[in-house]
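Since the structure comes first, as structure tokens, the remarks are kept for the end.
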Amino acid sequence: MSPMVKLLVLALAVPALSCATSPQPVPRTLQAGIDRIVDEAALSGRTIAVSLTDLEEGISYGRNDHEIMHAASTMKVPVMLALMEAVDRGELRFEQPVPVRNEFRSIVDGSEFTLIAGEDGDPDLYDQVGSSAPLEELMRRMIVRSSNLATNLLIELATPTRVMDLMSRIGARDIEVLRGVEDEKAYEAGLNNVATAHDLMLVMKAIAERKAISRDASERMLAILEQQEFRSKIPAGLPPGTRVANKTGTITRISHDAAIVYPPGRRPYVLVVLTRGYDDGSVAASQIAAVSSAVWDHLGNARNR
């Protein structure tokens, strides 16, 4: 086959592949339900970003989904992926002991800072300072209880460079993990972890499809995410008992949730809702739950329609 013919074949093949894998448009009723919530928030100067992909029907929807926001604790999911990759490569072991300490260095000038147990979702871990804990246990605490102490210990093992390299390979190039948490000097200098709803969706989708690192690693991460103890956002918009694997993130005027939702009798869907500008965290949580409920009304009840 001549070079010109080869180029013609490729030119014809790529559009065909693109059409075959292109997402289906979101139903108007579902889009209208989400848009109403997002538009009402915008009228009061708040931002809601939504990214949805359904692995069953192929539906895909995004609203403000490329808006870059402070990642808050959603950055702990990329850290988990980087740790899982290191375990898969044999560089780390789940059972290896990790010294538990509460002294960290700012990425700005190397000055020391500590975390406050009372401001952490997992204050019990501070009782272990001076001892050690298995890597897998710290990883579970980082996700399930959103432990800041565990996160700062683990990100030193994962390293921000490796986390972002992995995100780039997944296609989540707008996720930036520069540091651990509570580095006030970095925060004041604008050196923050950031994410978009779209890129967090790509990460959660890779896990849901068992394509994140390896099938075994994906299964382990799903098992951890399903143990999540913070359920006031996306899970609150679902019927009681619905299987869901999620990770929240909350700081001042920021409230997020990224979830894999499993309606009975079908493949799951991935929903990410990020919010900014809510002074009352409970109001932000209720808005995230409202988006979740609107999605469930269509996808969760699909077999009853």
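Predicted, not measured: the structure shown is a model, and the values here were computed from it.
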(request) Would you kindly say whether K76 and S146 are connected by a side-chain donor-acceptor distance under 3.5 Å? (result) yes
(message) Does atom OH (Y187) have a neighbourhood of more than 12 heavy atoms from anything else shown, all under 6.0 Å?
(response) no
(request) Measure the spacing between OG1 of T151 and CG of L115 and express it to the nearest 0.5 Å. (result) 9.0 Å
(message) For L149, is there any backbone N or O sitting under 3.5 Å from a side-chain donor or acceptor partner on D120?
(response) yes
(message) Under 3.5 Å, is there a donor on one side chain and an acceptor on the other for S111 and K185?
(response) yes
(message) Is there a side-chain contact between L299 and I59 in this structure, where contact means two heavy atoms from C-beta onward sitting under 4.5 Å apart?
(response) yes
(message) Go through it in stages, so that I can follow the logic: the residues are R141 and D124, the test is salt bridge (Lys or Arg N to Asp or Glu O under 4.0 Å), and I'd like the CA-CA distance, side-chain angles, deciding distance and then a yes or no.
(response) CA-CA 10 Å; R141 286 176 176 270; D124 295 344; 5.5 Å; no
(message) Would you say V129 ends up clustered with M142 if hydrophobic residues are merged whenever their side chains have heavy atoms under 4.5 Å apart, either directly or through other cluster members?
(response) yes
(request) Identify the two heavy atoms, one from I260 and one from P268, that lie closest to each other, and give their separation to 0.1 Å. (result) CG2-CB, 3.8 Å
(request) Measure the shortest side-chain to side-chain distance between Q96 and L92 over non-hydrogen atoms and say whether it is less than 4.5 angstrom. (result) yes
(message) To the nearest 0.5 Å, what is the distance between CE on M164 and CZ on R169?
(response) 13.0 Å
(message) In this structure, would V273 and M201 fall into the same cluster of hydrophobic residues linked by side-chain contacts under 4.5 Å?
(response) no
(request) For the pair N102 (side chain) and Y126 (backbone), establish whether a donor and an acceptor sit closer than 3.5 Å, ignoring hydrogens and angles. (result) no
(request) Report yes or no: does T159 contribute a side-chain atom to a donor-acceptor pair with the main-chain N or O of E156 at less than 3.5 Å? (result) no
(request) Indicate, with yes or no, if L274 and V77 share a hydrophobic cluster defined by side-chain heavy-atom contacts under 4.5 Å among Ile, Leu, Val, Met, Phe, Trp and Tyr. (result) yes
(request) Would you check if F94 and L83 make a side-chain contact, meaning some heavy-atom pair closer than 4.5 Å? (result) no
(message) Counting C-beta onward and ignoring hydrogens, is there a side-chain heavy-atom pair between D257 and T248 closer than 4.5 Å?
(response) yes
(request) Could you tell me whether a side-chain N or O of H298 sits under 3.5 Å from a main-chain N or O of T29, the two making a donor and an acceptor? (result) no
(message) Donor-acceptor pair, distance only, cut-off 3.5 Å: does the side chain of S286 make one with the backbone of V283?
(response) yes
(request) Test side chain to side chain contact (heavy atoms under 4.5 Å, CB included) on I207 and M221 and set out the steps. (result) CA-CA 7 Å; I207 297 173; M221 288 187 283; 4.3 Å; yes
(message) Return the CE to CD1 distance between M80 and I213, rounded to the nearest 0.5 Å.
(response) 10.0 Å
(message) How long is the straight-line distance from CD of E176 back to OG1 of T196, given to the nearest 0.5 Å?
(response) 10.5 Å
(request) Using a strict cut-off of less than 4.0 Å between a Lys/Arg side-chain nitrogen and an Asp/Glu carboxylate oxygen, indicate whether R140 and E137 qualify as a salt bridge. (result) yes
(message) Test side chain to side chain contact (heavy atoms under 4.5 Å, CB included) on K233 and S255; report intermediate values, then the result.
(response) CA-CA 9 Å; K233 299 177 184 180; S255 185; 2.8 Å; yes
(request) Indicate yes or no: at least one non-hydrogen side-chain atom of V38 is less than 4.5 angstrom from one of V50. (result) yes
(message) Could you report the tightest heavy-atom contact between A195 and I175, atom names first, then the distance?
(response) CB-CG1, 4.0 Å
(request) Flag the pair R267 / E57 as yes when at least one side-chain heavy-atom distance between them is below 4.5 Å, and no otherwise. (result) no
(message) Test your reading of the model: is there a side-chain donor-acceptor pair from S218 to the backbone of S214, 3.5 Å cut-off?
(response) yes
(request) Quick one: closest heavy-atom pair of P99 and L153, and the distance? (result) O-CD2, 3.6 Å
(message) Enumerate the ring pair (Phe, Tyr, Trp, His ring centres under 6.0 Å) contacts for residues 32-70, please, sequence neighbours excluded, ordered by first and then second residue.
(response) H66-H198
(message) If hydrophobic clusters are built from ILVMFWY residues whose side chains come within less than 4.5 Å, do I170 and M204 share one?
(response) yes
(request) May I ask you to decide if R179's main-chain N or O and N193's side chain share a donor-acceptor pair within less than 3.5 Å? (result) yes
(request) Kindly give the heavy-atom pair with the smallest separation between I155 and G180, and that separation in Å. (result) CD1-N, 3.9 Å
(message) So which atom in A82 and which in A158 form the shortest heavy-atom distance, rounded to 0.1 Å?
(response) CB-CB, 4.0 Å
(request) Check the hydrophobic clustering (I, L, V, M, F, W, Y; side-chain heavy atoms under 4.5 Å; chains of links allowed) and say if V98 and V181 are grouped together. (result) no
(request) Report the C-alpha separation of R266 and D54 in whole Å, then their side-chain angles, then the decisive distance to 0.1 Å, and conclude whether the salt bridge (Lys or Arg N to Asp or Glu O under 4.0 Å) test is met. (result) CA-CA 10 Å; R266 73 194 300 282; D54 179 29; 2.8 Å; yes
(request) Not counting sequence neighbours, which residues clear side chain to side chain contact (heavy atoms under 4.5 Å, CB included) with R46? List them please. (result) A41, S44, Y278
(request) Show your working on side chain to side chain contact (heavy atoms under 4.5 Å, CB included) between F113 and D183 and close with a plain yes or no. (result) CA-CA 7 Å; F113 69 95; D183 184 343; 3.9 Å; yes
(request) Compare all side-chain heavy atoms of V244 with those of E226 and state whether any distance is below 4.5 angstrom. (result) no
(message) As a test of understanding, state which of V26, I37, D39, V291 forms a side-chain contact (heavy atoms from CB on, under 4.5 Å) with R63.
(response) D39
(request) Look only at the side chain of S51 and the backbone of V272, and say whether a donor-acceptor pair between them is shorter than 3.5 Å. (result) no
(request) Could you tell me whether the side chain of R243 and the main chain of G241 form a donor-acceptor pair under 3.5 Å? (result) no
(request) Heavy atoms only: give me the nearest Y269-P263 pair and the separation to one decimal. (result) CE2-CG, 3.7 Å
(request) Starting from the C-alpha separation in whole Å, work towards a yes-or-no answer on side chain to side chain contact (heavy atoms under 4.5 Å, CB included) for I48 and R276. (result) CA-CA 7 Å; I48 297 178; R276 180 174 60 207; over 6 Å; no
(request) Drop me the distance from W296's CH2 to I234's CD1, to the nearest 0.5 angstrom. (result) 13.0 Å
(message) Looking at E85 and R89, is there a salt bridge between them, counting it only when a charged N and a carboxylate O are closer than 4.0 Å?
(response) yes
(request) Verify, without hydrogens or angle tests, whether T114 (side chain) and E103 (backbone) share a donor-acceptor contact under 3.5 angstrom. (result) no
(request) State the CG-CE distance between L200 and M167, to the nearest 0.5 angstrom. (result) 9.0 Å
(message) Checking side-chain polar atoms at under 3.5 Å, does R231 have a donor or acceptor matched by the opposite partner on N246?
(response) yes
(message) Any heavy-atom pair between the side chains of L135 and R93 that's under 4.5 Å?
(response) no
